[in-house]
Amino acid sequence: MNILGWTFLILGILGMVFPVLQGLLFTIIGLFILSDYSPWAKRLLQKLRNRYPKMSAKSDRFLKKLKWKSTS
């Protein structure tokens, strides 16, 4: 899971440079995954969630779908 989190985080950083990718969304997802393992990711995720509530809601819906599909 750690590699997956770093992958999303790198995609998020690339997405902030290239307009094709959803940079902020990938960053939030990557930080969400990494927040289980690292306190700095948890703090940064909370700051981003407070600053971008609409994108946070989108990422919550996406993660909810992933969790739903993985349990079935």
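All values below were derived from every heavy atom in this structure, side-chain atoms included, with hydrogens, water molecules and symmetry-related copies excluded. This one's a predicted model, so the numbers in the text were calculated from it and none came from an experiment.
- Not one N or O on the side chain of Ser56 forms a donor-acceptor pair closer than 3.5 Å with the backbone of Tyr52.
- The one candidate from Leu14, Thr27, Leu4 that meets the side chain to side chain contact (heavy atoms under 4.5 Å, CB included) condition with Leu9 is Thr27.
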Quick one: side chains of residues 31-41, donor-acceptor pairs under 3.5 Å with protein atoms, not counting sequence neighbours, listed by atom name and distance.
| unit_1 | atom_1 | unit_2 | atom_2 | d |
| --- | --- | --- | --- | --- |
| Ser35 | OG | Phe32 | O | 2.8 |
| Ser38 | OG | Trp40 | NE1 | 2.7 |
| Ser38 | OG | Ala41 | N | 3.3 |

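- Annotation: the span from Arg51 atom CZ to Gln46 atom CD amounts to 14.5 Å, rounded to 0.5 Å.
- Cluster membership check: Met16 shares its hydrophobic cluster with Leu44, using side-chain heavy-atom separations under 4.5 Å among Ile, Leu, Val, Met, Phe, Trp and Tyr.
- Scored by the salt bridge (charged side-chain N to carboxylate O under 4.0 Å, His left out) test, Asp60 finds Arg49 as partners (sequence neighbours excluded).
- Partners of Phe8 by ring-ring contact (aromatic ring centres under 6.0 Å, His included), not counting sequence neighbours, listed by chain and number: Phe26.
- Under a hydrophobic clustering in which Ile, Leu, Val, Met, Phe, Trp and Tyr are joined whenever their side-chain heavy atoms come within less than 4.5 Å, directly or via other members, Ile29 and Phe18 fall into the same cluster.
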